[in-house]
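What follows is one structure encoded as structure tokens, with my remarks underneath.
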Amino acid sequence: MKRTIATVALAAAIAVSACGGSDTAAFELIDAGEAQELLTAPPQDLVVLDVRTPEEFDAGHLDASVNIDFYAADFADQLDDLDKDVPYFVYCRSGNRSATTIETMRGLGFSEVYELDGGIISWAEAGLPLDG
């Protein structure tokens, strides 16, 4: 019996370690206040990623944002070209496109991604500043 338990435990440990490091990936949904704190003291190499349309981006965006249009035909390819080992802060208008983006990024092997809960709408409602 002890041998069976040890074998099962070993198999479980091997299975967990074979998951490609998914146990070390960090994906976190944060509110506007937490986002402001993140951006005030960002982790090294943080990329602020706006996944709205260029028109939405031009109407107002977070400081130092990079815009990749969620509706672009090559959106997933553009994400796949990004450095997966640096942290990302992702937002859209209300949170729908960013939620889908987060799942895509998870599948592509990104290691650290923060998502703005409620999108830029929640940011603006909190009275936080926009560029553009």
Side-chain angles (χ1 to χ4, degrees):
M1 181 69 168
K2 288 182 182 180
R3 181 178 224 151
T4 302
I5 292 172
T7 302
V8 169
L10 178 60
I14 291 170
V16 168
S17 67
C19 288
S22 63
D23 57 330
T24 60
F27 289 80
E28 188 174 346
L29 183 65
I30 59 176
D31 66 26
E34 294 167 319
Q36 182 183 33
E37 289 176 22
L38 176 74
L39 297 175
T40 300
Q44 184 174 355
D45 299 324
L46 178 71
V47 175
V48 180
L49 183 60
D50 183 323
V51 296
R52 298 175 301 149
T53 66
E55 295 78 20
E56 290 173 304
F57 182 82
D58 289 344
H61 55 271
L62 301 183
D63 185 39
S65 295
V66 174
N67 182 227
I68 299 179
D69 185 355
F70 179 84
Y71 296 115
D74 64 343
F75 178 70
D77 291 333
Q78 289 184 61
L79 289 178
D80 197 24
D81 288 341
L82 298 174
D83 184 346
K84 295 170 184 64
D85 296 321
V86 301
Y88 289 84
F89 172 68
V90 180
Y91 70 94
C92 65
R93 187 182 74 79
S94 65
N96 292 324
R97 287 173 278 180
S98 61
T100 301
T101 299
I102 296 301
E103 290 309 311
T104 301
M105 293 175 86
R106 187 185 311 270
L108 291 170
F110 284 80
S111 61
E112 184 178 356
V113 183
Y114 302 90
E115 178 190 1
L116 178 57
D117 190 15
I120 203 161
I121 290 173
S122 70
W123 180 271
E125 287 175 350
L128 299 170
L130 294 173
D131 283 353

Q) Is it the case that one hydrophobic cluster holds both W123 and V48, taking links as side-chain heavy atoms less than 4.5 Å apart, direct or via other members? A) yes
Q: Please collect all side chain to side chain donor-acceptor pair (under 3.5 Å) contacts where either partner lies in residues 58-70, sequence neighbours excluded, each pair once.
A: S65-Y91
Q | Joint cluster assignment, F27 & V86, ILVMFWY side-chain distance < 4.5 Å | A | yes
Q: Rounded to the nearest 0.5 Å, what's the gap from CG on D117 to CD1 on I30? Could you check?
A: 9.5 Å
Q. Can L79 and L49 be said to form a side-chain contact (heavy atoms from CB on, under 4.5 Å), step by step?
A. CA-CA 10 Å; L79 289 178; L49 183 60; 3.9 Å; yes
Q: Go through the steps for I120 and L130 under the test side-chain contact (heavy atoms from CB on, under 4.5 Å), then give the verdict.
A: CA-CA 9 Å; I120 203 161; L130 294 173; 3.4 Å; yes
Q. In Å and rounded to the nearest 0.5 Å, what is the CZ to OG1 distance from F75 to T100?
A. 9.0 Å
(Q) When you group the ILVMFWY residues by side-chain heavy-atom contacts below 4.5 Å and let the links chain together, are L82 and V47 in the same group? (A) yes
(Q) Nearest 0.5 angstrom please: S111 OG to M105 CE, how far? (A) 9.0 Å
Q: Specify the closest pair of heavy atoms between E115 and I102, including all atoms of both residues, with the distance to one decimal.
A: OE1-CG1, 3.5 Å
Q | Set of residues satisfying salt bridge (charged side-chain N to carboxylate O under 4.0 Å, His left out) with respect to E56, sequence neighbours excluded | A | R97
Q: Working to the nearest 0.5 Å, report the span between CG of N96 and CZ of F70.
A: 9.0 Å
(Q) Working to the nearest 0.5 angstrom, can you tell me the gap between D85 CG and F110 CZ? (A) 9.5 Å
(Q) Quick check: is V66 connected to F57 through a chain of hydrophobic side chains (ILVMFWY, heavy atoms under 4.5 Å apart)? (A) no
Q. If you take all heavy atoms of G119 and S122, which pair is closest and at what distance?
A. O-OG, 2.8 Å
Q: Establish whether F89 and I121 are linked, either directly or via other cluster members, by ILVMFWY side-chain heavy-atom contacts under 4.5 Å.
A: no
(Q) Using every non-hydrogen atom in the two residues, find where V51 and C92 come nearest and quote the distance to one decimal. (A) CG2-CB, 3.7 Å
Side chains of residues 33-46: which donor-acceptor pairs under 3.5 Å do they make with residues two or more places apart or in other chains?
residue, atom, partner, partner atom, Å
E34, OE1, D31, N, 2.9
T40, OG1, Q36, O, 2.7

Q) Taking atom CD1 of I68 and atom CG of D74, what is their separation to the nearest 0.5 Å? A) 9.0 Å
